[in-house]
Each structure stands twice: as C-alpha cells, then as structure tokens.
S.K.: 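Have a look at the structure that comes next, please.
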Amino acid sequence: MITDIHGHPVEETLKTEGYVIIDGLIPLDLFDKLKEACDRVVEKARQGEWKYRRLVGTQFPPWTEGTDVWGVQHLMHPELNEPVFADWYGSAKLQETVCQLLGTKPEELQLELFNLLINPQETDFDLTWHRDSVPAETPEEKEEEYLEIPHYGTQWNTALYEDGCLYVVPRSHRRVRTAEERHITIHDAKSHAMPNMMKVVLKPGQTVFYDNNILHRAAYECKSKRATLHGSMGTIEGGHHRAATIFQHGLDWMSSEQFQSSLPYSLEKPYANLLAMSKRAGLTKLEAAPIH
Ligand SMILES: O=C(O)CCC(=O)C(=O)O
Ligand SMILES: [Fe+2]
C-alpha cells in the first residue's frame, strides 16, 4: 500500500484534503537522468527551438503570445527524443500509486498529459486562483453540477528541485466557493490573502497529487530554479468531460506511429485506452477546444 508523508493511505488523504504529498516516486537511477533531460528541453523551449511551451502572460491553452517560458509541453513527444520521460511516466511505483488513487487496475489506466513546469527567466509570474475545469464566472448552480462530475483521472507535480510555487485551499475541491472565494476568483484572482490558503512545499523528489478542482494558484519566481514534472493519468471510464479536459492540450502528435513505437511496454495499454476515449468522444483528431 502506498502511503503519504504522514503514513496515511494516499487515496484517503486525496479524497478528504484534495491533495496528498508522497515521497519516493522517482527511482534513484532515474533522478539525475530526468534532471539532465529537463535541462536540455528547457534550453530548447527558451531558445524557441521547441514550440510547445507555456508563455508568461497566458494561463491556459493555447499559448501563442509572449517569449518567457513557464512550462514545456509534451515531454514524451518523439521529436524531443528524451526516452527517460516515458520511462518514468510508465514506471511501476508511479503506476501503482495512480491505480491506488483511482481504485483501478494497470490495464485500465489511460495515458494522458506529461509536461514540465519551470521558472521563467525575465519576470515573476502568478497564476490566478482557479479550478482547472470550472471557469471562475460559472454560476453557483452550475458550479455545483460541475463539481459532481467524477474526474476519472488524477494529476500530480513531482519536484526535481525544491518547489514552493503551488498554493491550495485544502478541502475546497468538492464544494462550491464561499462568497469571499467567489469574489476573489473573479475580481482579485491573484490575491495573496485567500482564506485558508496553504503553500505546498515539495522537497526534491516529492510528489503532490491534487484534485484539479481544488482552489489553487501558483507563484512563479524567476530567481529560483524550478523543474517540476506535471502529469496526469486517467481511467477507461473517462467520458466526454475527461476527453475535453485532456484533448484541449492538443495531442494529435500522439497519433503517430513514431510515438506509439517509442513507448515502453507498460504504456502500450494506457495508450490504446487514450485512443479509445477519443473514439468514444467522436473525435477525428486528438484535439479539442479550450475550456477557459
Ligand atoms: O504551477 C503549478 O504548480 C500549477 C499549475 C496549474 O495550476 C495549471 O497548470 O493549471
Ligand atoms: Fe491548475
């Protein structure tokens, strides 16, 4: 059984708190290789050689404006030619953790997003308080409805260097916003005074899984090096809603033979499950419109 840093079963903490911190999901022999691969892809993204990147000034996809980079997208893209990313994304303990969190079996896992969050170079950059799949302006009744939709997936941040960028409001993931939270998310979205906010500090090698509907924001500082692996995996039960969340990131490059043949054995079934989700959603490409 996988437990969190306090010795509790991970799925229980995630369910009650909306986030859970776990040690040791990077095998020791991969740690340095991941750091080196990150340095290379960060350099390519900053040089503009890698065009799939998140740019300062824009929070949600698509990222078309700006030059300073805060994230590198699509780490498993065959053109990046860094197989260590898929090796880790498909590694045994990570898969076991995701299975335990989702209450599912390895053959039912779905391959999804794998990106990198980094420090910008020119200016600090704050993301606004948000829930990933509920826009701030959503009226209360709709918000309640959206929060009931099961995710059929989970997402995580794994820090390669100490990371104190993420702030969350514990236990906010399944209830509608209070009047004050609602006001902040709409009118003062970069507030540093959100009631009950908590800074999530990860030591190198620690992972936080968080419900993507927990109220959260991030503060990106150009002075402290950040290279935090940011991934998600789902289960075969994900429906149209999951498809919209995942495919808004533009994953059509994953339909290539080259990508398929680059995957380790442990990701073959999760990959087939991703393709099956896009078919069920009636998509002809692994792409969908932005949610925000
Ligand atoms: O930078 C982070 O840790 C969080 C990023 C985030 O909230 C997002 O990409 O939606
Ligand atoms: Fe987010």
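All ligand and atom numbering here is 1-based and tracks the order in the structure.
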S.K.: Tell me whether ligand 1 is touched by Gln59 - counting only heavy atoms on the residue side and a distance under 4.0 Å.
M.R.: no
S.K.: Tell me the closest heavy-atom pair linking Val20 and Asp4, and the distance in Å.
M.R.: CG2-CB, 3.4 Å
S.K.: For atom 9 (O) of ligand 1, which protein heavy atom lies nearest, and how many Å away is it?
M.R.: Arg54 NH1, 2.9 Å
S.K.: Tell me whether the rings of Phe125 and Trp70 are parallel (<30°), tilted (30 to 60°) or perpendicular (>60°).
M.R.: tilted
S.K.: Angle between ring planes, Trp63 versus His249, binned at 30° and 60°: parallel, tilted or perpendicular?
M.R.: tilted
S.K.: So Pro204 and Leu160, do their side chains get closer than 4.5 Å, heavy atoms only?
M.R.: no
S.K.: Does Arg217 reach ligand 1, in the sense of a heavy atom lying below 4.0 Å from it?
M.R.: no
S.K.: Specify which N/O/S atom of Asp132 comes nearest to the Fe ion (ligand 2), by atom name.
M.R.: OD1
S.K.: For Leu117, counting its heavy atoms only, list the atoms of ligand 1 lying under 4.0 Å from any of them.
M.R.: 1 (O), 2 (C), 3 (O)
S.K.: How does His216 reach ligand 1, if at all, at less than 4.0 Å between non-hydrogen atoms: by side chain, backbone, both, or neither?
M.R.: side chain
S.K.: Please verify the inter-ring angle class for Phe114 with Trp88; under 30° counts as parallel, over 60° as perpendicular, anything in between as tilted.
M.R.: tilted
S.K.: Which atoms of ligand 1 sit under 4.0 Å from any heavy atom of Asn157?
M.R.: 2 (C), 3 (O)
S.K.: Measure from the ring center of His74 to the ring center of Trp50 and say whether it is less than 6.0 Å.
M.R.: no
S.K.: Taking only heavy atoms of Asp132, which atoms of ligand 1 are found under 4.0 Å from at least one of them?
M.R.: 10 (O)
S.K.: Nearest to atom 5 (C) of ligand 1, what protein heavy atom do you find, and at what distance?
M.R.: Leu127 CD1, 3.7 Å
S.K.: Can Arg217 be said to sit on top of Tyr167's aromatic six-ring, NZ or CZ under 6.0 Å from centre and within 45° of the ring axis?
M.R.: yes
S.K.: Would Trp70 count as being in polar contact with ligand 1, using the rule that some N or O on each side must be under 3.5 angstrom apart?
M.R.: no
S.K.: Which residue and atom name correspond to the protein heavy atom nearest atom 4 (C) of ligand 1, and how close is it?
M.R.: Tyr210 OH, 3.7 Å
S.K.: Quick one: does Arg131 get within less than 4.0 Å of ligand 1, heavy atoms only?
M.R.: no
S.K.: So which of Thr158, Leu94, Val98 actually passes side chain to side chain contact (heavy atoms under 4.5 Å, CB included) with Leu25?
M.R.: Leu94
S.K.: Would you call the rings of His130 and Phe60 parallel, tilted or perpendicular, taking 30° and 60° as the class edges?
M.R.: perpendicular
S.K.: Which ligand 1 atoms does Arg226 reach within 4.0 Å, using its non-hydrogen atoms?
M.R.: 1 (O), 2 (C), 3 (O)
S.K.: Please work out whether any backbone atom (N, CA, C, O) or any side-chain heavy atom from C-beta onward of Gln155 is under 4.0 Å from ligand 1, and answer side chain, backbone, both or neither.
M.R.: neither
S.K.: When the aromatic ring centroids of Phe259 and Trp253 are compared, is their separation below 6.0 Å?
M.R.: yes
S.K.: Given that the side chain starts at C-beta and the backbone is N, CA, C, O, which of these parts of Asn212 lies under 4.0 Å from ligand 1, counting heavy atoms, or is it both or neither?
M.R.: neither
S.K.: Does even one non-hydrogen atom of Tyr220 get within less than 4.0 Å of ligand 1?
M.R.: yes
S.K.: At the 4.0 Å heavy-atom cut-off, does Tyr167 count as touching ligand 1?
M.R.: no
S.K.: Which atoms of ligand 1 are found less than 4.0 Å from any heavy atom of His230?
M.R.: 9 (O)
S.K.: Is it the side chain (CB and beyond), the backbone, both or neither of Thr228 that lies under 4.0 Å from ligand 1, heavy atoms counted?
M.R.: neither
S.K.: How many angstroms lie between CG in Leu109 and CD in Gln95, if you round to the nearest 0.5 Å?
M.R.: 5.5 Å
S.K.: Hey, could you give me the CZ/CE distance between Arg280 and Met277, rounded to the nearest 0.5 Å?
M.R.: 7.5 Å
